[in-house]
Amino acid sequence: MSARIATVSRDTQETQIKVSVNLDGEGRLSCETGVPFLDHMLDQVARHGMIDLDIHASGDLHIDDHHTVEDLGITLGQAFLEAIGDKRGIYRYGYAYVPLDEALSRVVVDFSGRPGLYMSVDFTRNTIGRLDTQLFQEFFQGFVNHARVTLHIDNLKGVNAHHQAETIFKAFGRALRMAVAEDPRMAGQMPSTKGCL
Ligand SMILES: [Mn+2]
């Protein structure tokens, strides 16, 4: 199998973002988005997904974090779609339950080719650090639309909003890792009776 890597640059009048991804990485993140809590969450995705991420982002943070967070989701999704190639031989589905003390989240992903986000999370605070918790939905919607995945995110328990977010991003990384892993029994076949995804 050829290297599952991709680099995508996306420039708009609101943000300039470059994302490099290696699906078969060592869990390393190099990242400076200007949104510290988002950096902390992307670190979880890289580490628990065993994905290498190299991210350069500069956005219109003088307005707010919205465009930067959303456009990072979009660009990461584009990079994933390119890196994963034709999807032959992968598990396709991935899921994870991740706890952090009182918080527990479940994330399920399907590299279906069909964008769909089903997110059920009631954050107990409106902000974490200075980050608006509404923006997590924008991040995942951007990712889903451009990676063309079905993504179910459920926060099952949680009191502390930092814990809620962290369990979601750790479970997201773990679920991605399972879904993109190569299934030796699939032996390069397409994981769909349709013959394509
Ligand atoms: Mn933390």
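Both ligands and their constituent atoms are indexed starting at 1 by order of listing. Positions are given from 1, in the same order as the sequence printed here. Just so you know, these numbers come straight off a predicted model, no measurement behind them.
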Query raised in the report: Do any of the N, O or S atoms of His162 sit under 2.8 Å from the Mn ion (ligand 1)?
Result: yes
Requested in this report: Look at the aromatic rings of Phe169 and Phe139 and report parallel, tilted or perpendicular, splitting at 30° and 60°.
Outcome: tilted
Query raised in the report: Under 6.0 Å between ring centres, would you say that holds for Phe37 and His162?
Result: yes
Report task. Verify whether the ring centers belonging to Phe136 and Phe123 lie closer than 6.0 Å. Result -> yes
Query raised in the report: With the Mn ion (ligand 1) as the point of reference, which N/O/S atom of Glu166 is the closest?
Result: OE1
**Report entry** Atom of His40 closest to the Mn ion (ligand 1), considering N, O or S atoms
**Finding:** NE2
Requested in this report: Would you mind checking if Asp86 and Arg88 are paired as a salt bridge, meaning a charged N to carboxylate O distance below 4.0 Å?
Outcome: yes
